Amino acid sequence: MKAALITGFRTMEFIEFPEPTATPGKAVVRIDSCGICGTDLHGFLSKDPYNPAICGHEFSGTVSAVASDVRNVREGDRVVCGVSAACGRCPDCIAGRTNYCSYAFLNALGRDPLAPPHGAFAPAIAVDSLRLIRTQASLSTDQASIVEPATVAYHAVMRTLPMPGDVVVVQGCGPIGLLTIQVVRAAGAGRVVAVEPNELRRAKAIAVGADDAITPDEARERFGAKGADLVFECAGVAPTIQSAVEFVRRGGRVNLVGLASGAATISPQSWLIKEVTFIASLAYNHHDFVETMNLMADGRIKVEPLHDKTVGLSQLPETIAELADNPSSAIKVLVDPAL
Ligand SMILES: [Zn+2]
Ligand SMILES: [Zn+2]
């Protein structure tokens, strides 16, 4: 079996692996489809090695085999993949901080003995069965493959729930921003304003339910005098960390969702004068998946407007190079290994 891996700067190769088998604790998942994530694009453009276990981590599939000790899923189950539930045994779990279980964290990062040697840009993968969550029956395969990024947005909004009537800014309208707009709306925000330089993405923001979609310059004008109550930073580039604080009111809240690499320059004076509450949000916990799928099943999160196209595995190297050169050209491209 061949899996596509990022093996160097702008290099993706098909590497031969043995057919995955269900060794103790594991289930084999036949991949139905796998989304290309911004993290994969960062990995493709980085000169540092890219962790093979996360090269293709937004997948849905069907369980084709389980080890005899696996109880939570069985053959034929449609599943999505996230992080394990808290282990109950690591120092963080014992201290009562189960949301920060180090076992669940390392195993999702692919840095534990159960980590697969490749990701889901492959026909099949064997993973720790505890990471698998049964897909809501009413979700299509395409929807199921976008559950993982939707869960990132869900987790972020749960960290800074809006008050009813809050003016909420979502900065950056890539997949995570477009999903955050929908979750924050479902959570009871008043007015949701998307801030995004790209015109096509602004149109998508309106299509998924933002009240307004404006450019960063327009946002500076609109929120300069009276800031928003809550700002979600979903652009993931260094300069937008400071602009998120510029768009919030005094006493408001900023949630850092997008991952910017490298250092960012901030103006500490504006943070202090605004007495801003700054909260970061990383990925998700196991239970977030079930809640997110419920919101998708009842139509409060729509992922269809995010899905640009589906390509076969053989087209992945050229597709990833195109997206890396022009990341705004698509929101979410899925890879179907059966094509
Ligand atoms: Zn991702
Ligand atoms: Zn733990």
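Treat the numbers as computed from the prediction; the structure is a model and nothing was measured. One-based numbering, in listed order, for ligands and for the atoms of each.
Shown here is F105, whose CZ atom has no more than 12 heavy atoms of other residues, nucleotides or ligands within 6.0 Å. Heavy-atom contacts from other residues, nucleotides or ligands closer than 6.0 Å to NZ of K302 number 12 or fewer.
Under the 6.0 Å distance and 45° angle rule, K47 counts as a cation-pi partner of F9.
Here the angle at the Zn ion (ligand 2) defined by SG in C90 and SG in C101 stands at 110°, rounded to 10 degrees. For the pair SG of C37 and NE2 of H57, the angle at the Zn ion (ligand 1) is about 110°; rounding is to 10 degrees. At the Zn ion (ligand 2), the vertex angle linking SG of C93 with SG of C87 is 120° (nearest 10 degrees).
Ring orientation note: the planes of F223 and F247 are tilted relative to one another, at an angle of 30° to 60°.
In E58, the N, O or S atom that comes nearest to the Zn ion (ligand 1) is OE2.
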